[in-house]
Amino acid sequence: MNLTGNAKLAGVMGWPVAHSLSPRLHNHWLEKHRIDGAFIPLAVTADHFPHTLRVLSQVGFRGVNVTVPHKQAALAAVDEADDRARRIGAANTVIFRPDGSLFGTNTDGTGFLAHLHASIPGLDLTSGSAAVIGAGGAARAICVALADAGMAEIRICNRTLARAESLALELGPEVLVINWADRAGLLDEVDILINTTTQGMVGQPELDLDLATLPDQAIVYDIVYNPLETPLMNKAQARGNPVVGGLGMLLHQAVPGFSAWFGVEPEVTEELAAFVSQGLVER
Ligand SMILES: NC(=O)c1ccc[n+]([C@@H]2O[C@H](COP(=O)([O-])OP(=O)(O)OC[C@H]3O[C@@H](n4cnc5c(N)ncnc54)[C@H](OP(=O)(O)O)[C@@H]3O)[C@@H](O)[C@H]2O)c1
């Protein structure tokens, strides 16, 4: 990397941020497109987040991605946000505009959908039903994306019932909430099952879910990407279901930010996935 004084700058704000794969991803695209720019990991505590966000916009940065635990604070801190970010209640991408104002959006759900369509060509989401396990930040983004895509029914099941109920209330009538204890019954006749919990991540137990009633052709999407293949994916694959892992969602959610900050729409390829996933081994 050889930066000039005109280098375009962006970064990812989180606490901690050392685990983030975003610098590896964006800097790979920068090199590929020979852009005079850099994407910097920015470790910022919650106390310092709003102030630092504003300062970055005043020292030449073009914008930032925002990761745990600042996505809700990012929405509160921006001057304007799109409807999607407001409905999700969080922003993961902030664009610093030339007039000094801050614009927030959320690309987690659209990244999920883009990856799902890329993985299952011809998939029609305008009918059918989805079962979503979890009701945290990622689940909110995915449920909003599924509702916007026209999914006829979304079933949400979360360990903490109140969280699932509050998400369902915001999404509207096509959403059903299922008690955690009844989760095996969640899978009857679903077209897609999505794990949005932390279960199955490295260091966490696998998701405790019996797949016996899952239809054979139902897609199983696990948004966990470390490991690349989770116990849920292995279990689903063993019974013949099509499975999709979460790395592609991470790659696709990054596209709109890169394109806004650096002026080029980057591609998500197999080669990129292999390069970024190598970062899981090295960190
Ligand atoms: N692929 C991607 O691009 C992408 C993007 C965002 C997130 N993720 C991954 O998605 C996962 C969730 O992220 P998030 O930001 O949504 O986190 P979050 O807001 O903290 O939500 C965590 C979710 O996991 C559930 N959970 C935690 N421990 C559990 C347990 N022992 N049993 C059952 N459920 C449990 C929580 O249930 P309660 O409400 O009951 O606590 C909640 O639904 C993480 O693994 C993250 O790495 C992937």
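One-based numbering, in listed order, for ligands and for the atoms of each.
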_Are Phe262 and Phe39 an aromatic pair, judged by ring center distance below 6.0 Å?_
no

*What about the rings of His252 and Phe112, do their centers lie closer together than 6.0 Å?*
no

*Taking only heavy atoms of Arg163, which atoms of ligand 1 are found under 4.0 Å from at least one of them?*
19 (O), 38 (P), 39 (O), 41 (O), 42 (C)

_Tell me whether Phe112 reaches ligand 1 (any heavy atom closer than 4.0 angstrom to a ligand atom)._
no

*Could you list which atoms of ligand 1 come closer than 4.0 Å to a heavy atom of Ala138?*
6 (C), 7 (C), 14 (P), 16 (O)

*Which is closest to atom 34 (N) of ligand 1 in terms of heavy atoms, Arg159, His115, Gln204?*
Arg159

*asked:* I'd like to know if Asp108 pairs up with Arg140 as an ion pair, taking the criterion as any Lys NZ or Arg NE/NH1/NH2 lying under 4.0 Å from an Asp or Glu carboxylate oxygen.
replied: no

*Atoms of ligand 1 less than 4.0 Å from Gly246 heavy atoms?*
1 (N), 2 (C)

*asked:* I'd like to check which ligand 1 atoms, numbered from 1 as shown, lie under 4.0 Å from a non-hydrogen atom of Gln199.
replied: 28 (N), 29 (C), 30 (C), 31 (N), 32 (N), 33 (C)

*For Leu247, is at least one N or O under 3.5 Å away from an N or O on ligand 1?*
no

_Per-atom contacts of ligand 1 with Gly137, taking only distances under 4.0 Å to non-hydrogen atoms_ = 16 (O), 19 (O)

*For atom 20 (O) of ligand 1, is the nearest protein heavy atom under 4.0 Å away?*
no

*Enumerate the atoms of ligand 1 whose separation from the nearest heavy atom of Gly134 is less than 4.0 angstrom.*
43 (O)

*Applying a 4.0 Å heavy-atom criterion (strictly less than), which segment of Asn158 is in contact with ligand 1: side chain, backbone, both, or neither?*
side chain

_Using a 4.0 Å heavy-atom cut-off, which part of Val224 comes near ligand 1: side chain, backbone, both, or neither?_
side chain

*So, the side chain of Thr107 versus the backbone of Thr110: is there a donor-acceptor pair under 3.5 Å, distance only?*
no

_Suppose I only count heavy atoms of Trp180 and a 4.0 Å limit; which atoms of ligand 1 are within that range?_
33 (C)

*If you count the atoms of ligand 1 from 1 in the order shown, which ones are under 4.0 Å from a heavy atom of Met201?*
44 (C), 45 (O)

*Decide whether the shortest distance between a heavy atom of Gln253 and an atom of ligand 1 is less than 4.0 Å.*
no

_Protein non-hydrogen atoms only, distance under 4.0 Å: does atom 46 (C) of ligand 1 have such a neighbour?_
no

*Out of Leu250, Leu209, Thr198, indicate the one that has the non-hydrogen atom closest to atom 3 (O) of ligand 1.*
Leu250

